[in-house]
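Data first, discussion second: the structure below is written as structure tokens.
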Amino acid sequence: MNHFEYRDGVLCAESVRLDLLAEAVGTPFYCYSTATLERHYRVFSDALPQGSLIAFSVKANGNMAVLKTLAKLGAGADVVSGGELAKALAAGIPAGKIVFSGVGKTQAEMHSALEAGIYQFNVESEPELAALDEVARGLNMRAPVTLRINPDVDAKTHAKITTGTAETKFGIPFRRAQEAYSHAAKLAHIEIVGIDVHIGSQITDLAPFEAAFRRVAELVPQLRADGHNITRLDLGGGLGVPYENSNMPPPDPSEYGAMVARVTKKLGCSLSFEPGRLIAANAGVLVSRVIYVKRGEAKTFLIIDAGMNDLIRPAMYDAYHHIVAVAQPAVGSPRPEYDVVGPVCETSDLFAAGRALPELKNGDLVAILSAGAYGAVMASDYNARPAAPEVLVSGEQWGIVRPRETYADLIAKDRIPDWLVD
Ligand SMILES: *Cc1c(COP(=O)(O)O)cnc(C)c1O
């Protein structure tokens with residue numbers, strides 16, 4: 001459930017009219033709802049066993065105001081770079097609730113994370129273990145570590161967001177787990193604390209999660225018998241959200257939580273989770289204005305002022321996003337089909353093909369829904385298009401939480417070398 005609804009004929013974010021917001025900040029813009037972020041966080045947290053750490057996946061939405069909103073609810077953070085670590089700390093997320101994931105952590109990033117005193121490193125390879133041991137030795141510390149185990153389970157999601165099969169770059173193969181743990185145990189500055197698993201994103205079926213978690217649960221007694229101190233399980237993120245009305249909706253967080261409790265209850269481990277999309281996706285929309293309605297020979301194109309540089313998910317993952325008119329259409333009004341496209345000079349700059357929408361004309365506003373995760377964070381300035389602003393709403397209040405880039409900002413990013421200066 002989210003807080004984007006029509007009120008008096010206009011789509012609103014909580015109590016704020018998106019048409020008035022568009023006039024105030026210009027289009028395109030991202031708009032996030034605080035109440036929705038809070039609701040999603042609480043629904044997930046209420047579904048999990050008591051005491052679980054919810055480490056929000058910062059890569060899904062790294063806006064400082066979003067991070068701060070979640071920090072106030074008690075969220076931790078799952079970070080995948082030194083930049084995300086710095087942002088999470090600056091947003092007030094305690095270091096003791098931060099986990100560091102990713103296959104390519106550099107020694108500089110490890111150094112910052114150790115100095116900050118993060119909760120744990122989710123290590124993905126033996127070379128990474130060696131590097132972390134070396135950095136921790138330099139600081140005379142022991143790095144708290146889980147090894148990310150690749151359970152070789154197919155999450156049955158889009159190939160570009162599957163991470164738990166043997167073909168991907170992620171994690172340590174399940175059959176090599178014991179060997180990798182023995183290796184880790186020999187490193188003086190590594191402190192083994194548990195096991196980590198994350199099999200992918202936008203997973204809409206509980207079965208692959210359960211299969212992965214059961215493999216991890218199998219490993220716990222084996223690793224303990226080998227003498228390792230396994231007290232924590234990090235079960236990753238990946239729970240899907242409804243992007244379209246399908247007859248296979250993603251599992252309810254309560255079913256996910258019940259399954260987790262069932263699979264892990266005898267293990268006596270503390271649990272952490274890394275949800276991103278589940279918290280943020282349906283807490284954000286991308287509002288855009290129609291520039292032209294172009295009637296082609298075979299199709300009608302709705303050319304809007306948001307492009308693939310603003311929201312790349314359709315181009316990159318063939319993702320489906322609901323698109324709605326900001327002005328509520330009358331019941332029973334016609335719904336012609338449009339190809340909804342952006343202005344970027346790429347054929348893949350296509351948000352939806354053959355989509356039935358209310359009759360729209362130049363200047364009308366549309367909202368692309370479920371854009372709060374992997375939206376603004378993946379934006380670029382391709383085609384020299386300044387980054388769209390981000391707005392956070394809370395009840396009747398709203399604030400620009402990232403201003404629109406200007407042409408001057410774009411120009412100032414580059415430097416002219418001496419020999420080209422006039
Ligand atoms: C991307 C990612 C997540 C978050 O995935 P969602 O599908 O957004 O929940 C969690 N953990 C790791 C290691 C990731 O790479």
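Both ligands and their constituent atoms are indexed starting at 1 by order of listing. Bear in mind that the values here come from a model prediction, so they are computed numbers and not experimental data.
The atoms of ligand 1 that sit less than 4.0 Å from any heavy atom of G237 are 9 (O), 10 (C). Applying the 4.0 Å criterion to heavy atoms of S101 picks out, from ligand 1, the atoms 13 (C). Those atoms of ligand 1 with a heavy atom of P275 less than 4.0 angstrom away are 9 (O).
Residues satisfying the side-chain contact (heavy atoms from CB on, under 4.5 Å) criterion with S272, sequence neighbours excluded, are L53, Q120, D234. The ring-ring contact (aromatic ring centres under 6.0 Å, His included) test applied to F170 returns no partner, not counting sequence neighbours.
Of the polar atoms of R148, none of the N or O atoms is found under 3.5 Å from an N or O of ligand 1, judged by distance alone. Distances between N or O atoms of G238 and those of ligand 1 include at least one value under 3.5 Å. The distance criterion of under 3.5 Å between nitrogen or oxygen atoms is not met by V80 with respect to ligand 1.
Looking at atom 8 (O) of ligand 1, its nearest protein heavy atom turns out to be Y374 OH, 2.6 Å. In terms of protein heavy atoms, atom 15 (O) of ligand 1 is closest to K59 NZ, 2.7 Å. Among all non-hydrogen protein atoms, the one lying nearest atom 10 (C) of ligand 1 is E274 O, 3.2 Å.
A donor-acceptor pair shorter than 3.5 Å can be found between the side chains of R313 and H321.
Between E274 and V99 there is a side-chain heavy-atom pair separated by less than 4.5 Å.
Ring centroid separation for the pair H322 and Y243 does not come in under the 6.0 Å cut-off.
Both the backbone and the side chain of S201 come within contact range of ligand 1, each with a heavy atom under 4.0 Å. Contact annotation for N122 and ligand 1: no heavy atom of the residue comes within less than 4.0 Å of the ligand.
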For this session: Take D305 and R289 through the test salt bridge (Lys or Arg N to Asp or Glu O under 4.0 Å) and record every step on the way to the result.
Result: CA-CA 6 Å; D305 66 2; R289 209 177 273 285; 5.5 Å; no

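In this structure, F100 and F121 have parallel ring planes: the angle between them is below the 30° cut-off, well short of the 60° mark.
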